[in-house]
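Please read the structure below before turning to the comments.
Just so you know, ligand 1 is whichever comes first in the structure, and atom 1 is the first atom listed for that ligand. None of these values were measured; they are calculated from a predicted model. Numbers for residues simply follow the sequence, beginning at 1.
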Amino acid sequence: MPSPTQTAAWQALKEERRAWNTLHLRELFAKDKKRFERFSLQLDDLLLDYSKNLIRPQTLKLLLKLAQETGVETLRDAMFSGEPINLTEGRAVLHTALRNRSERPVMVDGQDVMPEVREVLARMRAFADKVRTGKWKGYSGKPISDVVNIGIGGSDLGPAMACLALKPYGGNIRAHFVSNVDPSHLVDTLEDLDPASTLFIVASKTFTTQETLLNAQAARAWFLDSAKDEKAVAKHFVAVSTHSEAVKAFGIDPANMFGLWDWVGGRYSLWSAIGLPIALYVGMDEFEELLAGAYDMDEHFRTAPLAENMPVLMALLGLWYNNFWDAQSYAVLPYEQRLSRFPAYLQQLDMESSGKGVMRDGKPVKVSSGPALFGEPGTNGQHAFYQLIHQGTKLIPCDFLAAVESHNDVNNQHAVLLSNFLAQSEALMRGKTAAEVETELAASGMGRKEIKALLPHKVFPGNRPTNTLLYRKLTSRTLGRLIALYEHKVFVQGALWNVNSYDQWGVELGKQLARAILPELAGGKPGKHDASTLALIARLRAGEEA
Ligand code: G6Q
């Protein structure tokens with residue numbers, strides 16, 4: 001696969017960018033009454049309106065040509081068919097197999113992985129049903145009331161985000177998530193829990209992650225403090241991992257272990273048994289709805305032509321700003337409080353996957369790769385950081401997300417939420433001209449001198465690009481579609497930049513470095529460090545305040 005810069009489309013896009021120096025969306029909307037129809041796409045109840053982007057028909061044509069020239073479709077087909085596209089780890093990338101709702105086999109090294117996938121799903125169902133109906137009893141005979149997932153990164157962010165999003169489908173089990181090695185996270189979580197009705201899920205693909213193992217040990221000690229019987233552990237601790245030996249060594253019966261496979265990347269694993277907290281919280285039927293939603297998106301991504309392919313279009317638009325408009329960041333703004341952890345989840349998905357400096361062949365990427373992603377739910381973000389998006393010097397493309405219908409009908413507030421949602425993207429697109437500001441200020445009775453001084457501060461340049469994603473209601477199926485949409489978007493960008501989206505050596509580095517410093521904090525011989533790190537270690541050893 002070539003570097004994208006070697007394609008004819010890339011060179012033509014540079015020209016296209018220059019043409020945009022004199023174009024404004026406000027005028028393009030005025031000229032083309034069909035702009036919304038031209039630049040929007042519907043997949044069942046999910047609408048992508050991408051008309052408020054800095055594109056015209058020829059821009060899109062060139063972007064689609066780039067997708068063709070960089071071989072996006074070939075890599076996509078290789079992923080779905082189980083080829084080891086994660087080159088640096090020699091692995092297939094098959095989170096799509098986990099939600100394959102068809103009878104199609106998925107082959108890895110000549111073997112169909114679907115029977116094993118179905119078997120784990122069946123075990124999850126049996127277990128979730130038992131716990132949710134109260135048939136699974138704790139050591140004192142009490143049913144389970146609280147589930148605590150102990151995991152970090154990919155073994156935490158997805159399930160934590162999804163449980164929050166799917167609250168309306170939650171049953172009588174409360175779900176909690178402990179990830180940070182900061183002991184306060186565990187302590188605060190356990191504070192109000194009853195050991196006799198608490199179930200811990202120790203979720204770690206590798207079962208070597210320091211934070212997770214330490215928190216799991218501490219949780220076990222907390223539990224045994226009340227239960228006072230090692231045998232009770234089996235009723236309160238289950239594991240999700242690929243490593244049955246390590247699980248056993250930790251003291252969890254492998255019969256209470258749910259497996260996954262090395263072809264599931266951590267940040268793509270919520271569809272596997274890593275999703276067990278979701279299944280316990282909303283029930284297995286809803287969990288399967290989540291899988292079905294992702295499968296809808298997989299089928300769309302796999303079969304729709306590039307020009308009508310949601311993840312492809314979103315990826316191309318992202319690349320357009322990232323590489324031709326020098327956008328360094330990207331905001332995801334759900335007007336849905338229950339998606340409050342969605343940006344954090346996407347942060348890992350996008351930044352861990354696309355935060356790469358070399359191409360698939362190990363040569364440096366010559367262009368800017370993944371942007372920094374951030375976001376908060378609207379309307380909260382409006383009262384915080386939108387200022388920079390409206391009037392700052394940086395271009396920040398945004399995705400606005402909202403549901404037509406809310407799960408809660410209170411005081412007409414959903415309509416207020418939606419009016420804000422629409423007003424923001426419209427304002428970002430249109431801006432406010434000097435003439436408009438002047439008219440407004442004059443009408444308020446302001447004098448000429450004052451108007452002159454204030455005017456530049458009140459002008460909004462507009463021409464700031466946004467996507468709008470509108471769905472009927474935040475159901476499990478919709479959430480599945482949305483997550484898979486962003487997963488595939490990230491995949492396409494990886495293909496466009498020719499980077500491996502599926503490794504994470506930066507995470508591994510963190511895991512190694514902390515292990516080396518720990519004994520030094522405990523009084524061991526200081527290692528070779530820079531003066532700043534040495535001084536900080538000395539300060540911490542002395543117990544002084546930093
Ligand atoms: C995800 C990353 C990383 C990983 C965590 C937890 O893609 O690899 O976030 O999920 O480090 O790893 P374990 O599940 O192995 O504990």
Cation-pi check, R123 onto F258 ring (under 6.0 Å, within 45° of axis): yes
E508 N/O under 3.5 Å from ligand 1 N/O: no
Those atoms of ligand 1 less than 4.0 Å from some heavy atom in K511: 11 (O), 12 (O)
Atom 1 (C) of ligand 1: the protein heavy-atom neighbour that sits closest, reported with distance to 0.1 Å: E352 OE1, 3.0 Å
Chi angles and distances behind the salt bridge (Lys or Arg N to Asp or Glu O under 4.0 Å) call for K394, D326: CA-CA 9 Å; K394 295 175 170 62; D326 198 26; over 6 Å; no
Lys/Arg cation over aromatic W271: R99, 6.0 Å, 45° cone: yes
Ligand 1 versus R267: contacting region, heavy-atom distance under 4.0 Å: both
Short side-chain donor-acceptor distance under 3.5 Å, S197 and S145: yes
Atoms in ligand 1 with a heavy atom of S204 nearer than 4.0 Å: 13 (P), 14 (O), 15 (O), 16 (O)
Interfacing atoms of ligand 1 (cut-off 4.0 Å, heavy-atom, T209): 12 (O), 13 (P), 15 (O), 16 (O)
Shortest protein heavy-atom distance from atom 5 (C) of ligand 1, along with the residue and atom involved: I152 O, 3.5 Å
Taking atom 15 (O) of ligand 1 as the reference point, the nearest protein heavy atom with its distance: T206 OG1, 2.6 Å
Check: G154 N/O within less than 3.5 Å of ligand 1 N/O: yes
Check: F287 ring centre within less than 6.0 Å of Y281 ring centre: no
Ring center gap for F237 and F250 short of 6.0 angstrom: no
Heavy-atom gap Q348 to ligand 1 smaller than 4.0 Å: yes
Element-labelled atoms of ligand 1 that are located less than 4.0 Å from some non-hydrogen atom of G266: 1 (C), 7 (O), 10 (O)
Centroid-centroid distance, Y139 to H236, less than 6.0 Å: yes
Y502 and H95 aromatic ring geometry - parallel, tilted or perpendicular at 30°/60° bounds: tilted
